[in-house]
Amino acid sequence: GIPDVHCVFKGYVFWLELKANPGKNCGVSKYQIVWHLKYKKAGGNCFILNQPFVHRAPKLLAVEEPGVVLPVPVPVLPVPVLEILRWMCQ
């Protein structure tokens, strides 16, 4: 499945999957994992924003080969993604 939000901000384009699931892979389906891997292989950018608990900060994740959902290190993130995430989490 295609992610929930398509973002274009300051020339940076990416997709964002929104989740609120504490389970394995944050509830990302096998179809979503395949979509993320294919999109990234084609040169696109996509992330998962997971906030399973109301009083905790959301975590930014990405699907990496071989289909594993992993945290994205903050220093790796492009500035436009950080700005949008700050705005979304206010």
Side-chain angles (χ1 to χ4, degrees):
I2 296 173
D4 301 305
V5 181
H6 184 245
C7 303
V8 180
F9 184 71
K10 294 188 178 180
Y12 189 79
V13 179
F14 65 100
W15 283 92
L16 193 59
E17 179 69 43
L18 304 176
K19 293 290 184 185
N21 192 319
K24 182 181 177 186
N25 283 349
C26 306
V28 178
S29 74
K30 63 182 179 181
Y31 304 105
Q32 290 170 319
I33 288 173
V34 168
W35 190 95
H36 278 251
L37 291 173
K38 285 183 177 181
Y39 190 73
K40 288 175 78 171
K41 188 177 264 186
N45 299 296
C46 48
F47 304 98
I48 300 159
L49 185 65
N50 186 38
Q51 186 173 13
F53 304 104
V54 175
H55 300 292
R56 292 197 186 157
K59 293 186 179 179
L60 192 68
L61 311 159
V63 177
E64 302 294 340
E65 290 287 357
V68 180
V69 177
L70 298 172
V72 176
V74 173
V76 173
L77 281 176
V79 171
V81 176
L82 286 172
E83 289 183 32
I84 286 178
L85 293 176
R86 284 187 192 116
W87 174 77
M88 289 178 73
C89 297
Q90 289 180 352

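Not one N or O on the side chain of Asn21 forms a donor-acceptor pair closer than 3.5 Å with the backbone of Asn50. Checked by atom type and distance alone, the side chain of Lys40 never pairs as donor or acceptor with a backbone atom of Glu65 at under 3.5 Å.
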- Message: What verdict does the side chain to side chain contact (heavy atoms under 4.5 Å, CB included) test give for Lys59 and Val72, after you've listed the backbone C-alpha separation in whole Å, the side-chain angles of each residue and the deciding distance to 0.1 Å?
- Response: CA-CA 8 Å; Lys59 293 186 179 179; Val72 176; over 6 Å; no

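The hydrophobic cluster around Val68 extends to Leu70, counting ILVMFWY residues whose side-chain heavy atoms fall within less than 4.5 Å of a member.
The two atoms that bring Pro3 and His36 nearest to each other are CG-NE2, 3.9 Å, heavy atoms only. Between Tyr12 and Asn45, the shortest heavy-atom distance links the atoms OH-CG, 3.1 Å. Among all heavy-atom pairs drawn from Gln51 and Pro58, the shortest one is CB-CB, 3.8 Å. Across Pro52 and Pro22, no two heavy atoms sit closer than the pair CB-N, 3.5 Å.
When hydrophobic clusters are built by joining Ile, Leu, Val, Met, Phe, Trp and Tyr residues whose side-chain heavy atoms come closer than 4.5 Å, directly or via intermediates, Ile48 is grouped together with Ile33. If you chain together hydrophobic residues whose side chains sit under 4.5 Å apart, Val5 and Trp15 never meet in one group. Following chains of ILVMFWY side-chain contacts shorter than 4.5 Å, one cannot reach Tyr39 starting from Phe14, and the two form parts of different hydrophobic clusters. Under a hydrophobic clustering in which Ile, Leu, Val, Met, Phe, Trp and Tyr are joined whenever their side-chain heavy atoms come within less than 4.5 Å, directly or via other members, Leu18 and Phe47 fall into the same cluster. Following chains of ILVMFWY side-chain contacts shorter than 4.5 Å, one can reach Leu49 starting from Phe9, so the two form part of one hydrophobic cluster.
Residues meeting the side chain to side chain contact (heavy atoms under 4.5 Å, CB included) test with Lys10, sequence neighbours left out: Pro80, Glu83.
One distance of note links CG of Leu60 with CG of Leu16; it measures 7.0 Å at 0.5 Å rounding. Distance check: Asp4 CG to Lys19 NZ gives 7.0 Å after rounding to the nearest 0.5 Å. The distance from atom SG of Cys46 to atom CD of Gln32, rounded to the nearest 0.5 Å, is 11.0 Å.
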